[in-house]
Structures are given as C-alpha cells and as structure tokens.
Protein chains: 2
Amino acid sequence: MSDTRTRILDLANQLTQSRGFNGFSYLDLAAEIGIKNSSIHYHFKAKSDLALAMVDRHRETTAESFARLDHDIDDPRERLLSVVRYFEADLRDGKICLCGMMAAELQSVSEEVRRELALYFRKFQDWLSKQLSEMGYSDPPRAALQFLSALEGSLLLARLQGDVTVVGQALDGFVNG
Amino acid sequence: MSDTRTRILDLANQLTQSRGFNGFSYLDLAAEIGIKNSSIHYHFKAKSDLALAMVDRHRETTAESFARLDHDIDDPRERLLSVVRYFEADLRDGKICLCGMMAAELQSVSEEVRRELALYFRKFQDWLSKQLSEMGYSDPPRAALQFLSALEGSLLLARLQGDVTVVGQALDGFVNG
DNA sequence: GTCTATACAGCGATAGAC
DNA sequence: GTCTATCGCTGTATAGAC
C-alpha cells in the first residue's frame, strides 16, 4: 500500500464528507495532492473502485475504533458520548458522516458499495445495541436504530444551521439523564 | 405560470428526491418532458434558479399541507402519523425528503437556497413542536428536533436497507404508546 | 414558447513514453 | 509510479430563427 494511495483515500474521504462523492473529480484530487489525474487512475482505475476502497477502509477503521472504545472506556454512556464528540468534531469542519452522505447519493453508487454501506450501518447498529443493552434499555436494537437515525439526521440539520449543538440535542435522551 | 414550468418543477422535484439535485441534467428533464434543453433554460435561466424555485414551492406547499392537517384531523398524534405515512409513500418510490437531500448536497447550492432550506426545517420543527405540545411533551421544541432528526436519518437508512418500516421504528416513541 | 445549432468547460478514462 | 497527450462524452448555457 503506497503512501500516495493512502493520501488519495484520505483526501477522497474528506471531500466526500463535505461535498459528496459526486462533488469532486480526479482532477481535484490530483491538484491537491500534487500529481496528475492519470496517476490517480493508476491507483484506482475507475472512480467506482475508489468509492469501494474508501467505504471498505472506513468500515474497517470504524470497527477498530469501536473495539478500542470497548477496551478503553468502562461506562457505555461515556462510549456513546465519545462517538458523538467524534462526529461533532468533523461537523466543525463542515463534514458529515461518510456513509450517511453516500446513502443520500445511493442512486449513483454500485451495488457493491451499497452492500458495504448497509454492512457499515448494521455493524454500527449492533455496536450501539450492545452499549444500550448495558445501559438497561428494554429493546436495545430498536433504541440503537433510533440513536443512529437521530445521529444521521441531526448531522444534516446541524450543518445546515451552523449549530453543532443540534447533534447533542437530538441525542439528548441517550447520552444524558 | 405555464404548464411546462410546472411540469419541469414536478420532474426536477422527483429527480432530486431520488438522485439528488446534482444527479440529473437539463437534458434529462428535456428528454422526459419531450422538449429541448434550451426550452428548460427559457423557464429557468440557470440551474440554480431551478433549485431556488423548487425549494421555495415545496416550502409553500408543505405549509399548506400542515394547515390542512390542522383543520382536518383532531388528534395531534394522528397528524404526525399522517406525515410519516406521506414520507413512507415517497420512500416506496425510492424518494427521500427533498430538503434532506439538498441539505446533504449543501456545498453545491447557493446561499439563497440554504436560507430556504433552513426556513423549511424551522417551519417543520415549529409545526411538530405544536403537535407535541398538545400531546403533553414537556419540552416540545426539543422533542420536535428529535422527531425531525430521526425522520431524516431513518429515510436514509430505510432506503438503503430497502425496508420502509425502519421509519416507523425510528419514530416509534412519538407515534405510538 | 420552442426550436436548431453551437460554444465552452469539465469529466472519466486510456495509450504510451519515461 | 508518474508523466504527457488526448479521446469521447456530457454538462450548462447562449444566440438567433421561427
């Protein structure tokens, strides 16, 4: 895995979070990284390959982050809070959830990417469900779906209104009292 | 207001809900309607004008829909249920919330459209707040924000998973028991 | 109000040299 | 692994005839 490949993935990830996957071109990536667009094609033959690699990598790093939270933090409520703070930090840079963005752009991604996205959200919901179960929720999978929906929706609203606190308000019942 | 203009707005609205505002072109509109793309430009000089007209119209028709619900239905919970059913119907055609979609594509719309979007969601939240107040919620504006966030997020998840019932599950606490 | 014709820019993608 | 050069296509937009 070359350094250039990683830099492409990093930049594509950021741009997708802020502008959407259809909101940037290979020329944008090339200009920012300082190479030619044909070099981007060397690493990712088609843009659909870039999409797949990006979502796949994000799904894996997210799984690692969850494992680390489970290991480092005892209180499940504090784990949830940590996740919320992560999304709030991205939000301050105008970035929303990578997979939420691509779920909005669903009609322009391949079936393979759709499956990756569905898997991402299933794993996310599973992890949330575990935390909420520890917190004593009676129907953890249901509560996890509500948490996830509120998170994704509030990111859209918070960015539009330029108010990061919207996310915390939308998830109030889960991370507080 | 010519009939063609209305047909353009209707079609653009549908396509934005399913593919996103950047997911269709003037040529797409022209082909479907059966005219040439230069005729689309006659009605909407630039695509940004189309975006503004579309969101503006949607905001107005939504306000009328809310007024009609207030008049026709007595139980506030039934009013909320009616709204949910409306979004579920669109979802069966692969369509999510027009303004939610454009909120995701925020970086590619004008400041004017952003203000319209923010206004749409504020009015939506205000109306929800009124219903939830009647239903006895202690902090109606907060509950309205949670409803709205859960709705927008669940639309993304429901379409991705091909399961319309996700919306109802995400809003369970509001429209049931 | 719709047409033909066209300008012009940007995009994804490829061939082949180095 | 990166470059130069280029192709073909699509996009938004405009001018001017009807």
Side-chain angles (χ1 to χ4, degrees), chain A residues 1-57 101-102 104-114, chain B residues 1-57 101-102 104-114:
Chain A
M1 169 104 59
S2 74
D3 183 53
T4 299
R5 185 187 158 92
T6 302
R7 283 164 68 199
I8 294 170
L9 283 174
D10 289 345
L11 182 56
N13 200 313
Q14 289 173 28
L15 289 174
T16 301
Q17 285 184 267
S18 55
R19 302 187 206 167
F21 186 71
N22 296 320
F24 67 92
S25 70
Y26 269 33
L27 286 168
D28 292 328
L29 298 175
E32 175 71 22
I33 294 177
I35 54 179
K36 298 297 173 181
N37 81 61
S38 54
S39 297
I40 312 282
H41 279 286
Y42 169 81
H43 294 281
F44 303 97
K45 198 168 186 338
K47 206 182 175 193
S48 57
D49 297 320
L50 173 59
L52 187 60
M54 188 175 59
V55 177
D56 190 55
R57 187 185 70 152
M101 179 65 93
M102 299 195 76
E105 298 178 293
L106 197 68
Q107 306 299 324
S108 59
V109 303
S110 69
E111 185 55 44
E112 234 178 338
V113 170
R114 293 185 195 193
Chain B
M1 169 106 59
S2 74
D3 184 54
T4 300
R5 186 187 158 93
T6 302
R7 283 164 70 198
I8 295 170
L9 283 173
D10 289 346
L11 182 57
N13 199 313
Q14 289 174 28
L15 289 173
T16 301
Q17 285 184 268
S18 55
R19 303 188 206 165
F21 186 71
N22 296 319
F24 68 90
S25 70
Y26 270 32
L27 287 168
D28 291 328
L29 298 175
E32 176 71 22
I33 294 177
I35 54 179
K36 298 297 173 179
N37 82 60
S38 54
S39 298
I40 311 283
H41 279 285
Y42 170 80
H43 294 281
F44 303 97
K45 196 167 188 339
K47 206 183 176 192
S48 56
D49 298 319
L50 174 59
L52 188 59
M54 189 174 60
V55 177
D56 191 54
R57 186 185 72 152
M101 179 65 92
M102 298 196 77
E105 297 177 295
L106 198 66
Q107 307 298 323
S108 59
V109 303
S110 69
E111 186 54 46
E112 234 178 337
V113 170
R114 292 184 196 193

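Labels below follow one simple rule: chain letters A, B, ... track the order of the sequence lines, proteins then strands, and each chain is numbered from 1.
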Phosphate contact (C:dA15 OP1 or OP2) by A:His41 side-chain N/O below 4.0 Å: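 No, outside the criterion.
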Short side-chain N/O contact to D:dT10 OP1/OP2 from B:Ser25, under 4.0 Å: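 For D:dT10, neither OP1 nor OP2 has a side-chain N or O of B:Ser25 closer than 4.0 Å.
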Can you spot which of B:Leu11, B:Ile35, B:Asp28 makes a side-chain contact (heavy atoms from CB on, under 4.5 Å) with B:Ile40?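 Exactly one pass, corresponding to B:Ile35.
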Would you say B:His41 and B:Asp49 make side-chain contact, with heavy atoms under 4.5 Å?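 Sidechains of B:Asp49 and B:His41: no contact.
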I'd like to know if the side chain of [X] and the backbone of [Y] have a donor-acceptor N/O pair within less than 3.5 Å.
| X | Y | answer |
| --- | --- | --- |
| B:Glu105 | B:Phe21 | yes |
| A:Arg19 | B:Ser108 | no |
| B:Tyr26 | B:Lys36 | no |

Rounded to the nearest angstrom, tell me the gap between atom [atom1] in [X] and atom [atom2] in [N].
| X | N | atom1 | atom2 | value |
| --- | --- | --- | --- | --- |
| A:Asp28 | C:dA9 | CG | P | 17 Å |
| A:Leu27 | D:dT4 | CG | P | 13 Å |
| B:Tyr42 | C:dT4 | OH | C1' | 18 Å |
| A:Arg7 | D:dT2 | CZ | C1' | 13 Å |
| B:His43 | D:dT14 | NE2 | P | 16 Å |
| B:Phe44 | D:dT14 | CZ | C1' | 18 Å |

Give a yes or no on whether A:Gln107 atom CD has more than 12 heavy-atom contacts from other residues, nucleotides or ligands under 6.0 Å away.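 For A:Gln107, atom CD is crowded (more than 12 foreign heavy atoms under 6.0 Å).
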Return yes when atom CD of A:Glu32 has more than 12 non-hydrogen atoms of other residues, nucleotides or ligands closer than 6.0 Å, and no otherwise.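 Not more than 12 within 6.0 Å, no.
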Taking only heavy atoms on the protein side, list every residue of residues 45-57 of chain B lying under 4.0 Å from any atom of DNA chain C, sorted numerically.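 Those residues: none at all.
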Among residues 30-38 of chain A, which ones have heavy-atom contacts with DNA chain C below 4.0 Å?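 Residues of residues 30-38 of chain A that come under 4.0 Å of DNA chain C are, in numerical order, A:Asn37, A:Ser38.
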Atom of A:Met102, atom of A:Thr16 and distance for their closest heavy-atom approach: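 Looks like CG-CG2, 3.9 Å.
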Looking only at heavy atoms, which two atoms of A:Arg5 and A:Ala53 are closest? And how far apart?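 So the two residues come closest at NH2-CB, 4.1 Å.
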Where along residues 13-22 of chain A does a heavy atom come under 4.0 Å from DNA chain D, residue by residue in number order?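 Contacts with DNA chain D under 4.0 Å: none.
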Using 0.5 Å steps for rounding, measure from the OG atom of A:Ser25 to the CG atom of A:Leu15.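 Result: 9.5 Å between the selected atoms.
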Please evaluate residues A:Leu50 and A:Leu9 with respect to the criterion side chain to side chain contact (heavy atoms under 4.5 Å, CB included), reporting the C-alpha separation (whole Å), side-chain torsions for both, the decisive distance (0.1 Å), and the verdict. CA-CA 8 Å; A:Leu50 173 59; A:Leu9 283 174; 3.9 Å; yes
